[in-house]
There are 2 protein chains.
Amino acid sequence: MKDIKIIDVAKRANVSPATVSRVLNGSKLVNAKTEQRVMQVIREMEYIPNNMGKQLRSRKTMTLAVVVSDVLVSYYAEIIKGIENMANSLHYRVLICDAQNQRAKELEFLSFLINHTVDALIMVTPSLSDEELSSYAEDGYRLAVIGREVGHPLIPCSFTDNITLARDVIYHLTEQGHRKIAFLSGYSEATDSIKRLEGFIQALEEAGIPFEQGLVENGDFSEDGGYEAFKRLRSQCEDFTAVFAANDEMALGVYKACAEMDISIPDQLAVVGVDNIRLTNYVVPRISSMEQPLYMMGSVLAEKLIDQINDNRLADQRLFVLNAELVVKESSLRKISN
Amino acid sequence: MKDIKIIDVAKRANVSPATVSRVLNGSKLVNAKTEQRVMQVIREMEYIPNNMGKQLRSRKTMTLAVVVSDVLVSYYAEIIKGIENMANSLHYRVLICDAQNQRAKELEFLSFLINHTVDALIMVTPSLSDEELSSYAEDGYRLAVIGREVGHPLIPCSFTDNITLARDVIYHLTEQGHRKIAFLSGYSEATDSIKRLEGFIQALEEAGIPFEQGLVENGDFSEDGGYEAFKRLRSQCEDFTAVFAANDEMALGVYKACAEMDISIPDQLAVVGVDNIRLTNYVVPRISSMEQPLYMMGSVLAEKLIDQINDNRLADQRLFVLNAELVVKESSLRKISN
DNA sequence: ATGAAAGCGCTAACAA
DNA sequence: TTGTTAGCGCTTTCAT
């Protein structure tokens, strides 16, 4: 805790603080000899620049905030890791903001932009509307969104192509011979749900299968929600042979319900989930699942955002649409006898 | 992006910047009328104080850093959540630092203390030595450790009582009638491993069971490590009836090996793990496990650290020793017929 | 109870 | 290539 300042280094090296600053920031306008001498003194004195002074003067915090609904959920953790690694490699820091599923918290974290706690903010939460986010972007705050598309030219977004995702699931199931396929969706208002329903319907059409509203039921992306939704579905209709669950949590709920109802997977019912979480490999039969490139969604967006900060202008590409990939496991494979 | 400054508010309210600052910081030395008028203007102008200026002047960042080995591991995520919630409720922010299992990264993050990026730092990683950490503390930097005890009077620590943890496991197993119990430890140098071995030996003694070195094998806290270690163990000795695994990951490795070797759990072998991760409830039979109070370890330490920052002195309690709790499931319960 | 003024540590115009 | 100087926005003595 010695608290050496730039002026101390400057004096010892017989230069001005400005020159020391130039050396520290890798300016080209410094004589090689001078630079060496200054560096030498910096090392000798173990000088480390004070970040607060630097921030105030340069009007940059070199920090990004990431707002997630819940740090515990592996979905978010993976995205965070992608952001972290990219940001760190570009000399940025990452402030994790856990909104704990509370809208009020999300709004609170937005103020980090206004009060200059961070240079930019990445929202990975669903609850703020496009309009709310757009109005911040309009005011000049750097904002980005992961997980959905926001229709504002100043807001970069990275997300999965959910229409294609759903279609890929249905292709796989129809290939396996299924004609009666149910869709266990998430919250009906979630853009994920809307897009996936769209893809679901498209793929059915392409396969010449009529769409039945009775084969769609909404849950809340949780295991319990999946369990309940599946039971509701089943009470309406008994003859579907496959279920496309909005995520693996809901697929696990289906497993639970099937265990109770003595429905055997995959013989009587094929199941496909989304996210390919670790647990899908530990239940029997293992759950086929669409794996989203979460790490990539985080890292491309962080890169884009930092690039934007540095150029102080919006680069060409704003939307990063990534594709999920089906990982086929036993839950959706018919036995050979079939 | 209007960038209103404290001077703007001051002018409009016909007071000095000092008074506005007093109002903002809840100083008692402001006339009630004046305060009201200033507050009114602050609201009207939607003034939000610039954090950079505030930090520089007050020499506080109101930010804690948490250094973890890997944000993806649920063990760390739970601790982080505890820190986050406590810190936020005390108006602190949390900077997550993912060391990615690299010692060099950990050291890098330590510099956040020196360059005033954060006010204090919580290490949840194992690789920095007590000496290294102590020397920082000695220099006046605020540092805390989660997961192990560091013997320096200025470093608060929260951790699980690993001796008691191991003893509780062995009590449970001997109660079930086991006399030949193996211990699948983690890295042999890890303090967790050392303490648990100590508790393991103590409990055996108390139960009048001789300790056999051949029943101890080391792994690396991973599923694969557990798998390998179990096979090594088994090749040395075949007649143990129970395994205490250093964590649930290693217990999962035991499950994998047992499946291959046709050993039935719990009939031929009882298994107990540590951490009680979610996965323990999805394998069959479910894994009995010691649940550590991770969230609590994070929150008590954050509270302590912030308290220490505010008082600028070390309060009474430095060590927070918490107890794990056994969650008994089928993997360690003998069938009634036994 | 309030204001004036100094300055936290740094960088960036502008001069030289 | 280097130095001088003026702040970045805020808080905090010290007066009053």
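This one's a predicted model, so the numbers in the text were calculated from it and none came from an experiment. Residue numbering restarts at 1 for every chain, and letters A, B, ... go by the order of the sequence lines. Below, each value reflects all heavy atoms present in this structure, side chains not excepted, and no hydrogens, waters or symmetry copies.
The backbone N or O of D307(A) sits nowhere less than 3.5 Å from a side-chain atom of N310(A) that would complete a donor-acceptor pair. Under the 3.5 Å distance criterion, the side-chain polar atoms of R93(B) are left unmatched by any main-chain donor or acceptor of T63(B). N50(B) places a side-chain N or O within 3.5 Å of a backbone atom of M52(B) that can act as its donor or acceptor partner.
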Show me the donor-acceptor pairs within less than 3.5 Å that the side chains of residues 15-26 of chain A make with the rest of the protein, sequence neighbours left out.
unit_1: S16(A); atom_1: OG; unit_2: A18(A); atom_2: N; d: 3.3
unit_1: S16(A); atom_1: OG; unit_2: T19(A); atom_2: N; d: 3.3
unit_1: S16(A); atom_1: OG; unit_2: T19(A); atom_2: OG1; d: 3.4
unit_1: S21(A); atom_1: OG; unit_2: N25(A); atom_2: ND2; d: 3.4
unit_1: N25(A); atom_1: OD1; unit_2: K54(A); atom_2: NZ; d: 3.4
unit_1: N25(A); atom_1: ND2; unit_2: S21(A); atom_2: O; d: 2.8

Residues 117-127 of chain B side chain polar contacts: donor-acceptor under 3.5 Å, at least two apart:
unit_1: T117(B); atom_1: OG1; unit_2: N51(A); atom_2: ND2; d: 2.9
unit_1: T117(B); atom_1: OG1; unit_2: N115(B); atom_2: OD1; d: 2.5
unit_1: D119(B); atom_1: OD1; unit_2: T61(B); atom_2: N; d: 2.8
unit_1: D119(B); atom_1: OD1; unit_2: T61(B); atom_2: OG1; d: 2.8
unit_1: D119(B); atom_1: OD2; unit_2: T61(B); atom_2: N; d: 3.2
unit_1: D119(B); atom_1: OD2; unit_2: T61(B); atom_2: OG1; d: 3.4
unit_1: D119(B); atom_1: OD2; unit_2: M62(B); atom_2: N; d: 2.8
unit_1: T125(B); atom_1: OG1; unit_2: E106(B); atom_2: OE1; d: 2.7
unit_1: S127(B); atom_1: OG; unit_2: E106(B); atom_2: OE1; d: 3.0
unit_1: S127(B); atom_1: OG; unit_2: E106(B); atom_2: OE2; d: 2.6

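The side chain to side chain donor-acceptor pair (under 3.5 Å) test applied to D130(A) returns R148(A), not counting sequence neighbours. Checked against ring-ring contact (aromatic ring centres under 6.0 Å, His included), Y136(B) has no partners two or more places apart in sequence or in another chain. Contacts of D70(B) classified as salt bridge (Lys or Arg N to Asp or Glu O under 4.0 Å), with partners at least two apart in sequence or in another chain: K81(A). With sequence neighbours left out, E84(B) forms a side chain to side chain donor-acceptor pair (under 3.5 Å) with no residue at all. Among residues two or more places apart in sequence or in another chain, the salt bridge (Lys or Arg N to Asp or Glu O under 4.0 Å) test is passed with D192(B) by R196(B). With sequence neighbours excluded, the residues forming a ring-ring contact (aromatic ring centres under 6.0 Å, His included) with F109(A) are F112(A), listed by chain and number.
Neither OP1 nor OP2 of dC8(C) sits under 4.0 Å from any side-chain N or O of N50(A). Between dG9(C) and R59(B), a contact under 4.0 Å exists linking OP1 or OP2 to a side-chain N or O.
With a cutoff of under 4.0 Å to any heavy atom of chain A, the contacted region of DNA chain D is bounded 5' to 3' by dT1(D) to dG9(D).
Rounded to whole angstrom, the span from the CE atom of M62(A) across to the C1' atom of dT11(C) amounts to 14 Å. Distance CE (M52(A)) to C1' (dT11(C)): 17 Å, rounded to an integer number of Å.
Over its full length, the helix from dA1(C)-dT16(D) to dA16(C)-dT1(D) turns its helical axis through 30°, comparing axes from the five pairs at each end and rounding to 10°.
The local environment of CD in Q36(A) is sparse, with at most 12 non-hydrogen atoms from other residues, nucleotides or ligands closer than 6.0 Å.
Atoms CG and CG, from N85(B) and D98(A) in turn, are 6.5 Å apart once rounded to the nearest 0.5 Å.
Taking every heavy atom of residues 4-23 of chain B and every atom of DNA chain D, pairs under 4.0 Å involve K5(B), I6(B), A18(B), S21(B), R22(B), by number. Residues of residues 26-49 of chain B that place a heavy atom closer than 4.0 Å to DNA chain D, in numerical order, are Y47(B), P49(B).
Each of R57(B) and R57(A) lies near DNA chain C, and the nucleotide nearest R57(B) is the one positioned closer to the 5' end.
Heavy atoms of N51(B) sit nowhere under 4.0 angstrom from any nucleic acid atom.
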